[in-house]
Amino acid sequence: MTILNYHDLQANHTYIFSHTDQENFVSLEHSANIEDLSSAKINGIAYVSLEEIKDIQGNPLHILWVSNGTLRISLIMERGFDVGEVFCREEKISWVRGKERCLSDISVDLNQENGWEKGFFAAVTTLGPQLFGTPDEIRTVHGTGAYSPFDLESLVIIYDKKEISVSAEGFSKGFRGEVEYKKKVTMRTRMNSMVFLREETTTNLTDRTLPIDDGYHIQLAGDFMAEGGSYVLPVATDQMLLRDSVPKEVSPKEIYDFNTELDPIRCYQYVPERVTGVEGIGDFKEYKQIQENKDNLTCEMLVNKKGNKAVVVVRPLDVFPRSLLAKRNIAGDDAMYAIEVCKTRPNSIRQKAIDGELMYLEAHASMQSMVAIGILKEELIREMVTCIETRHPRE
């Protein structure tokens, strides 16, 4: 087993996991960006690389790239340790988002109008922990988690020849400036796997009970979805509620080609049903976290029009029992076809408390969560569709 921390990582170097029996790394210097490396040197090789750059406002960003030999994932230290981009080999799987949106936490004022969306870049963006959804006179939309910096000194990378895990810790301030929550996040992926996991432990640091209203805004409709496709969901279409006063769609589960404008945004809230059999499909069966929760899983999928490529989001229902589907494509902007896994509907905190759906953390208590994301092709797509649509065949 090899363990590295922040001080072992020289900025803008790539550390390739040894293919010999020796438990060590070799470093390969490259220019300013991991993507500048020749694919012939890194394709199929597991490695980590710490990229130090500045955003368009000149503020620092530390981006950790992790490759398991098949998937290549970036983690943004200043932005909640969020998953910035996802590649499978050389193909980008996550949405195509302008780099000008990749901003440091100190480059964004959440109290400004549309502040949260100003730096909306990541493929897997943190929601909460204070709030998912409607702001009020105290709380801004979607909380502070996606703009909470993680401590470089807490960074730990573990490689045991079968799996790479990367963990770090950060703190989220409340809206009165007090540090209220601590988060430990671990991203893990097995060698050459088409699946990665994100695990979190959120701790209430205060002496009082606090709401915990978190989740993820997940954007995995990359160019492979450019011709359109569909969502495959464990819910009947008539059980999906279109929020706000916006025009209805004929087919809420349809993903339009990227040349088709969709504005204003369409958001559908729903309660996903339990899905069985996921734990036996493809690389999901290699993860004990999936096996241990196999009786309490749900999953949602985006499939392209050709039916030859899909992305899947899997998680236990006890922590994230609700979902929101979000669709938007504005001319001159980036096509967003997202899945948001969440604890509650995106209403105000007061409304959630009245409705009895708000979860809480007692003083100094912790709560754990997990979400798994995978990429499927061909036969495995059909297997997953069968699992998801057992009770609700595609309308």
Side-chain angles (χ1 to χ4, degrees), residues 5-7 9-12 32-35 49-66 73-85 94-95 97-133 135-156 166-185 187 198 200 202-206 210 213-217 219 333-334:
N5 59 39
Y6 169 61
H7 295 289
L9 300 176
Q10 185 174 347
N12 302 323
N33 193 310
I34 183 65
E35 294 179 75
S49 179
L50 182 64
E51 189 178 13
E52 292 187 1
I53 60 174
K54 294 184 183 296
D55 67 14
I56 60 172
Q57 297 187 29
N59 291 315
L61 283 168
H62 296 80
I63 300 175
L64 184 73
W65 287 90
V66 181
I73 301 160
S74 67
L75 300 161
I76 309 172
M77 295 296 300
E78 284 78 9
R79 294 293 303 279
F81 211 46
D82 282 350
V83 176
E85 298 175 274
S94 51
W95 68 333
R97 193 65 162 161
K99 294 285 189 180
E100 72 277 2
R101 299 273 191 168
C102 188
L103 298 176
S104 177
D105 61 301
I106 57 177
S107 295
V108 175
D109 182 355
L110 292 177
N111 291 304
Q112 289 184 345
E113 185 177 0
N114 296 323
W116 190 90
E117 190 152 334
K118 181 180 178 182
F120 184 26
F121 171 81
V124 182
T125 302
T126 299
L127 300 169
Q130 304 91 347
L131 171 69
F132 160 56
D136 56 26
E137 57 277 0
I138 298 174
R139 301 166 184 85
T140 60
V141 65
H142 295 335
T144 66
Y147 291 88
S148 295
F150 271 52
D151 184 5
L152 285 164
E153 297 287 339
S154 71
L155 183 62
V156 177
V166 182
S167 63
E169 297 180 353
F171 299 88
S172 292
K173 290 184 178 181
F175 292 100
R176 294 186 174 90
E178 175 190 3
V179 174
E180 294 180 331
Y181 303 87
K182 175 184 177 181
K183 279 196 174 189
K184 179 177 181 180
V185 173
M187 192 284 295
R198 181 182 173 96
E200 286 196 11
T202 304
T203 302
N204 176 0
L205 297 177
T206 75
L210 295 176
D213 193 25
D214 58 356
Y216 299 105
H217 204 307
Q219 293 72 233
D333 202 353
D334 309 301

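Because the structure is a prediction, the values reported are computed rather than measured. Scope of the values below: all heavy atoms of this structure, side chains included, with no hydrogens, waters or symmetry mates.
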Original post:
Relative to each other, are the rings of H217 and W116 parallel, tilted or perpendicular (30° and 60° limits)?
Top reply: tilted
Original post:
Would you say S167 and K184 make side-chain contact, with heavy atoms under 4.5 Å?
Top reply: yes
**OP:** Report the distance from atom CG of L9 to atom CG of N5, rounding to the nearest 0.5 Å.
**Re:** 7.5 Å
Subject >> CZ on F132 to NE2 on H142, rounded to 0.5 Å >> reply: 6.0 Å
Original post:
OH/Y147 to OG1/T140 distance, rounded to the nearest 0.5 angstrom?
Top reply: 9.5 Å
Subject >> Intermediate values then yes/no, side chain to side chain contact (heavy atoms under 4.5 Å, CB included), T144 and Y181 >> reply: CA-CA 10 Å; T144 66; Y181 303 87; over 6 Å; no
Original post:
Counting N and O atoms only, with roles assigned by atom type, does the side chain of R79 sit under 3.5 Å from a partner on the main chain of A146, one being a donor and the other an acceptor?
Top reply: yes
Original post:
Between W95 (side chain) and F121 (backbone), is there a donor-acceptor pair under 3.5 Å?
Top reply: yes
Original post:
Can you check side chain to side chain contact (heavy atoms under 4.5 Å, CB included) on D151 and Y6, steps first, answer last?
Top reply: CA-CA 10 Å; D151 184 5; Y6 169 61; over 6 Å; no
**OP:** For D55 and S107, work out which heavy atoms get closest and say how close.
**Re:** OD2-OG, 2.5 Å
Original post:
Does S154 reach the main-chain N or O of E169 with its side chain, forming a donor-acceptor pair under 3.5 Å?
Top reply: yes
Subject >> Euclidean distance, H62 NE2 relative to E51 CD, rounded to 0.5 Å >> reply: 11.0 Å
**OP:** Give a yes-or-no answer on whether the side chains of T126 and D82 include a donor-acceptor pair shorter than 3.5 Å.
**Re:** yes
Original post:
Quick one: OG on S172 to CD on Q130, what's the gap to the nearest 0.5 Å?
Top reply: 6.0 Å
Subject >> Minimum heavy-atom distance C102-I76, with the two atoms named >> reply: SG-CD1, 4.0 Å
Subject >> Flag if over 12 foreign heavy atoms under 6.0 Å of CD, E113 >> reply: no
Original post:
Would Y216 and V83 count as a side chain to side chain contact (heavy atoms under 4.5 Å, CB included) if you check the C-alpha gap in whole Å, the side-chain angles of each, and the deciding distance to 0.1 Å?
Top reply: CA-CA 10 Å; Y216 299 105; V83 176; over 6 Å; no
**OP:** Can you measure from CG (L103) to NZ (K118) and round to the nearest 0.5 angstrom?
**Re:** 6.5 Å
Original post:
Is there a side chain to side chain contact (heavy atoms under 4.5 Å, CB included) between R101 and E117 once you walk through the steps?
Top reply: CA-CA 9 Å; R101 299 273 191 168; E117 190 152 334; 4.3 Å; yes
